[in-house]
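Note sheet for the following structure.
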Amino acid sequence: MRSPVYVLVDCNNFYASCERVFNPELNGKPVVVLSNNDGCAVACSKEAKALGIKVGTPIFECKGMMEGHDVRIRSSNYTLYGDMSERVMQILMGFTPEIEIYSIDEAFLRLDGLAHKDFLSYGKTIRAKVQRWTGIPVSIGIAPTKTLAKLANRYAKKHPETEGVFDLREEDSRKEYLQKVDVSDIWGIGFQYSKLLKKYSINTAWELSQAPMTWLRKNLTVKGLRTAWELKGFPCISLEETREAKQGICSSRSFGRPVKTLRDLQEALSSYASIGAEKLRSEHSVASIIGVFLGTNPFKSEPQYSNYYSANLAFPTAESSLLIHVALRSLQKIFRTGFSYKKVGIFLFGIVPERDSSPNLFGQFYQGSKSQTLMETFDQINQRMGRDTLRFASSGISNEWQMRREYLTDKFTTNWQELLEIVS
DNA sequence: TCTGGGGTCCTAGGACCC
DNA sequence: TCTGGGGTCCTAGGACCC
């Protein structure tokens, strides 16, 4: 059996790097990209991190740190990041057929199937190509397991002398390295587990790898057990090259300002239902249950209310208008006047592939119906002409409830009207 | 109603990830 | 004033069955 070589390719400060590609003036400056509604920092350039700004903190808490440092703030532009991600992944696919796209900015590769055996120099080639073709800097970790590849990647990011590529395959040198890694920095060990581990004096990755297996099984479930074996160098988590269809789809946003009227909630909900339906169709799936939820802002000291209602559909479908209709009817049932709402959204459940759906008792069905043809045309037009070219009237026009995006850059790569202009 | 071991299915909730 | 939006997996416990 060939011994596995896992490689994690991770884009450095991905969203901030994307912003820089289209605005080189940001190079060398602290850049912070905000979450939806311009709430928290979700990506920071290394200059921003150096100021003490941490990913996940509300931006209003960072005011003091930013003062006088010429910090450049951007609202998140997922259309741009999604497109840049696709370009990076395309390049990686050119290096090996064994690839798992793990998130928008990360991919696991397996290289042991290749004829090439000098993995360190291969890693440097990958890194240079992604940089040259997309402008995005990446870091690369190489190891016998995914968990170790994650750690190797982290080391490459933190140590410039590695030139962005670090290899943890050598077993003899691993112990010394693992002794320096805090348990909370291990993939799969979050806040609660690291608190528990530290209570039992398990402080480093090395100590976790040596911990009694029965204790781990009992307290951290099989997942903790797998992590420990992976740290020892035995692969327990394999590459997931094909992604299963999602089990549930959720579409929801917080509002930019408090929403009080049923009408605004209806508009917002209808547009989220429409987004959910699009996600469903992009996976060639249909859903049979739709849930609707709404809630006030729990951070505020004002009357609180939240509720949830779910409805079974007469037959599994991916038709936007039908899903919108049922969602709005459900909203009627849980809406109460007199509250300031912060959030509304939908869940889709009972998801099965389109081709597995069959007509119900009354002969109603989605696959092969006129509504399916309509939806396909709808999606094609929006794909070609830009999202929201066609939309549903129930989503409204003015959209006062829209999320805040004060610092948004253009969709440089996906919209003809917003291409980058070079002025000489 | 009680007795008992063994099984399945479902749901809620908790942990984690980016 | 301002606090993201998606997901996954696992377990415990209850309901129910024989």
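Chain letters run A, B, ... following the sequence lines, proteins first, then strands; residues in each count from 1.
- In terms of phosphate contacts, A/Thr221 brings no side-chain nitrogen or oxygen within less than 4.0 Å of OP1 or OP2 of B/dA15.
- When the side-chain nitrogen and oxygen atoms of A/Lys150 are compared with OP1 and OP2 of B/dC18, one or more of them lie within a distance under 4.0 Å.
- In this structure, A/Arg263 pairs ionically with A/Glu267, as a charged nitrogen and a carboxylate oxygen lie closer than 4.0 Å.
- Spacing of P atoms, B/dT1 relative to C/dC17, comes out at 15 Å, to the nearest Å.
- Classification of A/Glu47 and A/Arg72 as a salt-bridged pair fails, no side-chain N sitting under 4.0 Å from a carboxylate O.
- Look at the C1' atom in both B/dG14 and C/dT3: the space between them is 22 Å, to the nearest Å.
- Looking at the side chain of A/Ser35, the nearest of the listed nucleotides C/dG4, C/dG7, C/dC10 is C/dG4.
- Secondary structure note: stems in DNA chain B built from 3 or more consecutive Watson-Crick or G-U wobble pairs under 3.5 Å occupy B:5-18 with C:5-18.
- Of the options A/Ile101, A/Thr134, A/Ile104, a side-chain contact (heavy atoms from CB on, under 4.5 Å) to A/Val88 is made by A/Thr134 and by none of the others.
- Between the CD1 atom of A/Ile53 and the CD1 atom of A/Ile73 there is a distance of 7.5 Å, given to the nearest 0.5 Å.
- Look at A/Lys260 and A/Glu302 and you find no salt bridge, because none of the NZ, NE, NH1 or NH2 atoms lies under 4.0 Å from a carboxylate O.
- Taking atom CD1 on A/Ile53 and atom C1' on C/dC2, their separation rounds to 15 Å, with Å as the unit.
- A/Arg336 CZ: more than 12 foreign heavy atoms inside a 6.0 Å radius.
- The residue A/Leu220 sits apart from the nucleic acid: no heavy atom pair falls under 4.0 Å.
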